[in-house]
Every structure is written in C-alpha cells, then in structure tokens.
Amino acid sequence: MTVVTKGGWLLIALACGAPGSAAAQGAQPLRKTDVIRLLASPLIGKAEVADLIRRNCLAFRPTERDWADLRALGADADVLSSVGGCHDKTTAARAAGPLLAAPVLAQVAAQAGGEAMASLLLKRGGVVQPGVKLVLRGRSTLPDVFLPDARAVTDENGVAEFHFPAGRRATTYTLTTLLSSGAALAGARTITLAVRPAPPAVVTLQPTQLDLIASTGEAPLSVVAIVTDSLGNPVPNEAVQLAGDVIARGPWTASTDSAGLVTFTVPRAAVRRAGTVALLVRGEKLAGLPVLYSDAVSDAASGFVSATSPSGIARKRLNEPLVFAVRSVAGRGLPGRVVSFRGQNADVVPDSALTDSTGRAKVFVTLGMQAGLAVVTASVDSISKHIDLRIEPSADATLTIEQDGTRIDGGQIVVPIDIPFALRVSARDAYGNTVVMAGLVRALEDMRRQFNQDPKLLRIVRVDSDSSAATVTFFPAGLGRATLKIVDATVSVTVVRSKGST
C-alpha cells in the first residue's frame with residue numbers, strides 16, 4: 001500500500017482488490033476516505049465510483065476545496081455529477097424528517113468515583129447530522145455530583161461523546177439525550193449508566209475479635225466480613241482469604257455476595273493459638289482479626305492496686321495489705337490463680353496466694369531496716385510486676401558523734417594542740433538510719449557561743465550542716481582534758497603536744 005498526499009487529501013493506493021469489492025460497500029453514506037480510496041484504486045472504474053456515490057450518497061458536505069481535489073484525483077463528469085446530485089439529495093434530506101437518536105451503546109459502565117463516557121449517533125432522513133448541540137440530562141441527579149448536565153456537539157460523523165463524573169454511589173441510572181434547546185429527540189435517546197464499585201479497600205468484621213473462652217461449647221466460630229470500596233460501596237463477587245498460622249491451613253477462601261458480605265465458619269479445633277488472622281483481598285491485607293483466650297493473664301491489665309506508693313517506718317508492718325489484681329486480656333478478673341510474692345528490703349506474708357472471685361490476692365508487708373526504698377514483686381504465669389515502697393527511719397533516734405567515719409560518742413579521743421579537728425554529729429535510729437533532728441544546728445550554735453566564752457582548752461571554729469548531719473570544727477588551744485557534751489552524747493578529748501614540738 002502506498003500513501004501520498006495531494007491537495008490536502010490523504011491518498012491511499014491499494015495494491016489489491018477488485019471492482020466487485022467496491023459494490024459491497026453497503027448502504028452506508030461514503031466518507032471522504034472512502035471516496036479517496038475508490039478514486040485512487042486502479043481496479044475500480046470511474047463509472048462504478050459514480051454509481052456507488054449515487055446509491056450510497058455521501059457522509060460529508062463537499063467544500064470548494066473538496067471539488068478541486070476530486071478533479072485532481074481524476075474524477076470525471078459522471079463522478080462529479082453524482083457528487084453534486086448526492087449533495088442536493090443530502091441537503092434536502094437534512095431539511096426533512098425528525099432528528100433520530102441512536103446510542104452507540106445502550107448501556108455504559110463506569111467505576112464509582114471515576115469518569116463515564118456515553119456516545120450517541122444523530123441522523124435525519126438516514127443522513128448523519130454534524131454540528132448539532134446536545135445535552136445529556138439526568139447526570140445532575142447522580143449522588144455526590146452537583147454539576148450541570150453534560151453537553152456535546154456531534155462530529156462530522158454525527159456522533160456526540162459525553163464525558164462526565166460517574167458519582168460515588170454504585171447503582172444504575174437512566175440518562176436522556178435532548179437538543180441543547182430542551183427539545184426532545186426521536187428514537188432510542190436514553191442511555192443506561194451502570195456505576196460499578198471501585199476496587200476493594202475496606203473490610204469490616206463481625207465480631208471484631210474471637211474470644212475462645214468467652215464463647216461456650218464446641219460450636220464452630222462464625223466470622224462475617226463486609227468488603228467495601230474506599231467510597232463505602234459493597235464489592236460483590238470478591239474473593240476473601242483468611243491467612244496466617246493462628247489457624248490451621250485452609251483453604252479459607254470465599255466470595256462476597258451482592259451486598260459485599262462473606263461468612264467464614266471456622267471449627268474450634270482449627271484455631272492453633274492466640275494471635276491475629278489476616279484477611280486478604282487480591283493478595284493485600286485489608287483487616288486483622290484478633291484471636292484471644294480470655295483466661296490468659298494480661299500483662300497490661302494486671303498489677304498492684306494502689307493509687308500511691310505506700311510508705312511506713314523501718315521494721316514496721318504496713319497498716320493495710322498490698323492487693324494484686326490478676327486480669328484477662330478482656331479486662332476480667334481471673335479467680336483461682338497462684339500469685340507468688342517476694343520482697344527486697346521487706347518481708348512478705350504469705351509468699352504465695354490464690355486470687356479470690358474478683359481476681360485479687362493480698363499480701364502483708366513488714367518493711368526492712370534500711371530507710372529509703374523497698375520493693376515487693378508479684379509473679380503469676382509468665383508476667384511479673386513490682387511496686388516501690390518508701391521506708392522512713394524510726395522516730396526513736398540516738399545522737400551519735402563520729403570522727404573520720406568512726407563513731408566515738410561515749411569514748412575518748414586524743415588530738416594534737418594547735419591542729420583543728422572536726423566531729424560529725426547526727427541522729428540515727430536503732431537500725432543505723434539517719435534521722436533528721438529538728439533544732440540540732442540551732443543547739444550546736446548555742447553550744448558554740450557558750451563554749452567559746454572560756455576557750456582555754458578548746459574553741460569551736462564553725463558549725464556546718466547538711467540535710468542529715470552537722471559538722472563541728474574545734475581548735476585545740478591548750479593542753480589538757482575536756483568532756484564534750486552535745487545534746488545527750490558525750491566524748492572525752494585529750495589535747496597533747498604535737499610530735500616535734502618542745
């Protein structure tokens with residue numbers, strides 16, 4: 001096949017064919033390309049071309065340029081006369097008879113949220129009608145589409161194409177084609193639009209989880225899945241699969257019905273363990289179904305029941321027992337569970353207990369000797385929880401005197417003359433815990449003023465204090481022995497000459 005252009009026409013010279021093939025064109029009006037092919041074929045005579053034009057007529061209106069090109073292509077007087085006669089007949093036909101509409105497709109489909117396209121062929125007296133303005137009414141009534149009716153103009157073949165949003169709801173609508181003026185058309189002027197769901201995007205489960213203990217009996221477990229697209233339309237005839245090692249290998253595949261619904265019946269024996277079953281649609285996980293054993297102890301829901309951290313005095317028993325609640329993953333108290341207790345810097349009684357009907361176990365705690373922190377730990381099944389307790393020193397405190405970390409109250413020390421020394425004064429309970437004594441620093445300052453009135457042997461240089469003790473610095477000014485009494489603690493001090501002094 002050879003393709004050349006001449007005078008703006010596309011010339012197609014066919015290397016094969018026969019005159020009889022041209023006669024088989026049928027009763028459809030000839031397009032420009034048909035006339036070009038006929039005139040360019042060396043196998044079809046001009047008389048036969050003229051006859052075909054007279055019988056089928058033309059689907060276009062020749063322009064002055066078209067007439068010139070026909071002559072350039074070799075059209076003789078017979079062909080030109082046939083074209084002229086056809087033009088006159090077409091013009092007369094266009095002016096007579098009703099406009100007849102014929103949908104290219106009586107029913108068109110589109111995806112929800114997408115774009116739809118509908119086509120209509122318009123004729124009058126069997127001749128296609130180009131350049132006619134049409135409107136597709138009914139589109140403005142589609143849900144979620146608040147736009148004017150679609151409009152289009154027929155092309156040279158009398159075909160109008162309408163492009164418009166299909167809407168968000170999956171259903172079927174009837175659209176009607178009218179002239180832009182609102183006048184009705186004859187023929188099959190209605191088009192049915194079927195809006196189909198978009199691809200599956202959401203799976204809703206009923207129930208939202210499987211509780212194997214809460215469900216009584218040995219009846220199979222029923223799971224209902226509803227598959228919809230991203231716009232909420234049910235998706236029918238869609239395969240849904242249960243997957244994962246929580247349940248025994250299936251097949252666990254079923255298809256949704258017209259409402260997007262599918263039901264799975266799973267025997268209890270098929271459930272291997274707690275976990276999550278995946279629901280796959282087109283190979284993609286769209287939902288997960290938790291499988292629970294409601295009698296399993298929940299790490300998150302179990303623990304000591306106490307609004308604040310309990311506290312008490314060293315070696316004293318707490319006024320109230322500690323309470324540990326054992327709960328399931330569903331938040332239900334689990335009775336009859338063994339809870340083990342152990343204490344750090346604390347004694348616990350009993351060291352194990354059974355939970356009562358509400359899932360609670362009690363333990364009595366005697367605090368340890370060391371002030372500060374104590375810890376009680378409870379263990380049940382595979383979980384372990386602890387609670388911190390605060391220990392305060394005993395209220396019965398004794399004043400102590402230390403030198404260089406050694407307790408010296410009630411004893412004696414020897415110090416060299418002219419060399420300052422420091423004594424640390426603090427209050428401790430019977431277990432050695434430091435007790436903050438109100439007024440200790442004030443008492444030491446009073447002692448300093450009285451003591452320095454007669455500084456022949458010792459003189460108090462200064463008194464320093466922190467949160468738990470006070471440090472008194474002395475200066476030995478003379479030789480001899482003196483007894484220091486600080487509140488109710490005493491120590492004997494002997495001042496001697498330093499080595500090397502005379």
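The model shown is predicted, which means the values in this text are computed figures rather than measured ones.
Considering every non-hydrogen atom in both Trp252 and Ala270, the closest pair reads CZ2-CB, 4.0 Å. Between Pro310 and Ile387, the shortest heavy-atom contact is CD-CD1, 3.8 Å. In terms of heavy atoms, Thr154 sits closest to Ala160 at CG2-CB, 3.9 Å. Shortest non-hydrogen contact noted between Val262 and Ala254 is CG2-CB, 3.3 Å. For Pro234 against Gly260, the heavy-atom pair with the smallest separation is CB-N, 3.8 Å.
Remark: side-chain polar atoms of Thr190 are not paired, donor with acceptor, to backbone N or O of Leu175 under 3.5 angstrom. Distance alone, capped at 3.5 Å, places no donor-acceptor pair between the Ser180 side chain and the Leu134 backbone. Between the side chain of Arg196 and the main chain of Ala112, no donor-acceptor pair closer than 3.5 Å is present. Using modelled atom types, no side-chain atom of Thr276 and backbone atom of Leu289 make a donor-acceptor pair closer than 3.5 Å. Side-chain atoms of Asp229 come within 3.5 Å of backbone N or O of Leu231 as a donor-acceptor pair. At distances below 3.5 Å, not a single donor-acceptor pair connects side-chain atoms of Ser384 with backbone N or O atoms of Ser379.
Taking the charged nitrogens against the carboxylate oxygens, Asp347 and Arg317 have no contact shorter than 4.0 Å, which rules out a salt bridge. Arg424 has a carboxylate O that lies under 4.0 Å from a charged side-chain N of Asp466, or vice versa, which qualifies the two as a salt bridge. Under 4.0 Å is where a charged nitrogen must lie from a carboxylate oxygen, and between Arg273 and Asp245 at least one such pair does. A salt bridge does not link Arg462 to Glu445: none of the charged side-chain nitrogens sits closer than 4.0 Å to a carboxylate oxygen.
When the shell of 6.0 Å around CD of Gln344 is examined, it contains 12 or fewer heavy atoms from other residues, nucleotides or ligands. Other residues, nucleotides and ligands contribute over 12 non-hydrogen atoms within 6.0 Å of the NZ atom of Lys385.
To the nearest 0.5 Å, atom CG of residue Leu120 and atom CG of residue Leu105 are 11.0 Å apart. One distance of note links CZ of Phe474 with CZ of Arg459; it measures 12.0 Å at 0.5 Å rounding. Taken from OG1 in Thr171 to CZ in Arg168, the straight-line distance is 15.5 Å, to the nearest 0.5 Å. Separation of atoms CG (Leu210) and CG (Leu292) is listed at 8.0 Å; rounding is to 0.5 Å. From Leu286, atom CG reaches atom CD of Glu238 across 9.0 Å, with rounding to the nearest 0.5 Å. For the atom pair CG (Asp351) and OG (Ser340), the distance works out to 7.0 Å, reported to the nearest 0.5 Å.
Legend: ring-ring contact (aromatic ring centres under 6.0 Å, His included) pairs involving residues 314-370, not counting sequence neighbours, sorted by first then second residue: Phe304-Phe324. Among residue pairs with one or both ends in residues 323-337, those qualifying as side-chain hydrogen bond (donor to acceptor under 3.5 Å, both in side chains) are Arg337-Asp381; sequence neighbours excluded.
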Side chains of residues 477-490: which donor-acceptor partners sit under 3.5 Å, not counting sequence neighbours?
unit_1, atom_1, unit_2, atom_2, d
Arg481, NE, Thr494, OG1, 3.3

N/O donor to acceptor pairs below 3.5 angstrom from side-chain atoms of residues 366-378, sequence neighbours left out:
none

Cut-off 3.5 Å, no hydrogens considered: what does the side-chain donor-acceptor table look like for residues 404-412, sequence neighbours left out?
unit_1, atom_1, unit_2, atom_2, d
Arg407, NE, Asp409, OD1, 2.8
Arg407, NE, Asp409, OD2, 3.3
Arg407, NH2, Asp409, OD2, 3.3
Asp409, OD1, Ile401, N, 3.1

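No hydrogens or angles considered: a donor-acceptor pair under 3.5 Å links the side chains of Thr400 and Ser426.
Between Glu115 and Phe164 there is no side-chain heavy-atom pair separated by less than 4.5 Å. Between Thr471 and Val425 the shortest side-chain heavy-atom distance does not fall below 4.5 Å.
The side chain to side chain donor-acceptor pair (under 3.5 Å) test applied to Asp446 returns Arg449, not counting sequence neighbours.
The side-chain contact (heavy atoms from CB on, under 4.5 Å) test with Arg428 is passed by exactly one of Asn433, Thr434, Val435, Thr398: Thr434.
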